[in-house]
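This report refers to the structure that appears directly beneath it.
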Amino acid sequence: MIPFPGASRATVFALIFLLFTVCSGCHSSRNAITPSIEFTEVPEVASGGAARMERIAGRVTGTKAAGQKVVLFARSGTWWVQPFSNTPFTPIQQDSTWRSPTHMGTEYAALLVEPGYTPPRTTDVLPEKGGKVIAVARVEGSRSRTASEFPPRKLHFSGYEWEIVQVPSDSGGVMHINSASNAWTDAKGWLHLRIALVSGEWTCAEIAMSRSLGYGSYSFVIQHMPQLEPGSVFGMFTWDPLEGGQNHREIDVELSQWGDPISKNAQFAIQPYYVPANVFRFNAPSGGLTHSFRWEPGRVSFQTARETRVIAEHVFTSGIPSPGGERVHINLYIYGKSRTLQQNGVEVVIEKFAYLP
């Protein structure tokens with residue numbers, strides 16, 4: 001018996017097949033997983049700042065589209081994109097997890113975004129789902145640990161207060177460990193930084209001044225500069241962690257061969273470093289040296305000298321950053337992309353830092 005009078009058997013079968021297909025599609029749509037993002041590891045509540053970062057991690061579900069990424073924010077007064085304003089995207093791994101270092105805050109947020117999304121550097125209102133923002137997750141910082149477990153470590157050197165960096169830092173895409181035990185001042189007030197092997201892992205050192213100085217003359221008197229291994233890096237630089245638009249206001253004096261034993265061992269630089277005109281390479285001898293730079297509007301003048309003998313000097317007049325939230329950093333670490341493995345620990349002694357407006 002044909003249920004539709006006047007209809008042929010073939011027509012009825014076609015209608016039944018179409019109805020089955022539509023219902024199956026409805027069923028599939030009801031069972032489709034809505035894209036979402038969640039946290040699996042959340043840092044504690046803490047004040048934001050350049051000297052401390054921790055790992056944040058999570059996973060995404062219901063998404064397979066190529067090019068999708070995660071954008072992270074930490075709230076410290078306002079929302080700040082993480083980990084840095086010039087590197088705001090966190091990749092999604094093949095197992096749908098993601099992880100990244102982040103500066104600290106009271107809350108943390110993760111956005112799952114489509115290719116082409118441009119995140120704000122800072123924002124008072126967190127972006128919402130819609131358009132190229134596929135999903136949003138927001139969570140308060142963990143309160144399971146107390147601040148006393150992470151006491152701020154500071155030291156005084158050359159009349160200034162400095163924060164000792166105690167969190168891992170990125171070097172060529174490889175994180176290196178910074179240990180507070182690797183930075184100290186002696187009875188003369190001289191600063192010691194070292195690379196040391198601890199429990200089978202290399203630990204490094206970094207300090208950051210607690211205030212910004214701006215335009216002026218910066219000098220670093222090195223009392224003892226050993227011969228560094230090719231992969232070791234000793235740096236004296238300015239850095240603004242929240243300003244990626246001016247390349248973090250980074251101005252560098254760096255002693256390193258960057259893992260290449262035949263390379264010159266020192267450089268003056270402004271950023272970005274991959275512009276050839278922004279880097280001046282030279283050879284610096286071991287022993288006592290004074291490295292300095294004069295930062296002015298549209299101009300940075302560098303010099304390395306031993307007493308009255310000038311070893312190297314150079315002037316940059318293009319791409320010079322303006323002052324903002326930058327602070328002076330001094331660090332000693334192992335370059336993550338070094339062609340040669342670190343063999344021994346090393347210690348650098350800095351006699352004095354001086355600044356003149």
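Bear in mind the structure is a predicted one, so any value in this text is a computation, not a measurement. If you read the sequence from its start, that first residue is 1, and numbering goes on from there.
Side-chain contact check for Glu347 versus His192: some heavy-atom pair is nearer than 4.5 Å. Val71 is listed as a side-chain neighbour of Val81, based on a closest heavy-atom distance under 4.5 Å. Side-chain contact between Thr40 and Thr97: absent, with no pair of heavy atoms (C-beta onward) separated by less than 4.5 Å.
With sequence neighbours excluded, the residues forming a side chain to side chain contact (heavy atoms under 4.5 Å, CB included) with Arg294 are Ser217, Glu296, Ser301, listed by chain and number. The ring-ring contact (aromatic ring centres under 6.0 Å, His included) search around Trp202 returns none, not counting sequence neighbours. Residues passing the ring-ring contact (aromatic ring centres under 6.0 Å, His included) test with His314, sequence neighbours excluded: Phe280, Phe316. Applying the side chain to side chain contact (heavy atoms under 4.5 Å, CB included) test to Pro101 and every residue at least two apart in sequence or in another chain returns Met53, Pro83, Met175. Annotation: ring-ring contact (aromatic ring centres under 6.0 Å, His included) contacts of Trp295 (sequence neighbours excluded): Tyr215. Under the rule for a side-chain hydrogen bond (donor to acceptor under 3.5 Å, both in side chains), the partners of Ser322 that lie at least two apart in sequence or sit in another chain are Gln246. With sequence neighbours excluded, no residue satisfies side-chain hydrogen bond (donor to acceptor under 3.5 Å, both in side chains) with Gln257. Among residues two or more places apart in sequence or in another chain, the salt bridge (Lys or Arg N to Asp or Glu O under 4.0 Å) test is passed with Arg55 by Glu41. Judged as a ring-ring contact (aromatic ring centres under 6.0 Å, His included), and not counting sequence neighbours, Trp190 has no contacts. For Arg75, the salt bridge (Lys or Arg N to Asp or Glu O under 4.0 Å) partners two or more places apart in sequence, or in a different chain, are Glu107.
The stretch residues 336-357 participates, sequence neighbours left out, in these ring-ring contact (aromatic ring centres under 6.0 Å, His included) pairs: Tyr160-Phe353, Trp162-Phe353, Tyr218-Tyr355, Phe220-Phe353.
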Derivation and outcome, side chain to side chain donor-acceptor pair (under 3.5 Å), residues Glu161 and Ser210:
CA-CA 6 Å; Glu161 182 182 78; Ser210 297; 3.2 Å; yes
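Inspection of the Ser263 and Arg281 side chains reveals an N or O donor paired with an N or O acceptor under 3.5 Å.
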Side-chain donor/acceptor pairs under 3.5 Å, residues 222-230, sequence neighbours excluded:
from	atom 1	to	atom 2	distance (Å)
Glu229	OE1	Gln343	N	2.8
Glu229	OE2	Asn344	N	2.7

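At least one test fails for Lys132 against the ring of Tyr117: distance under 6.0 Å to the centre or angle within 45° of the axis.
Nearest approach of Glu326 to Leu213, heavy atoms of both residues: OE2-N, 4.1 Å.
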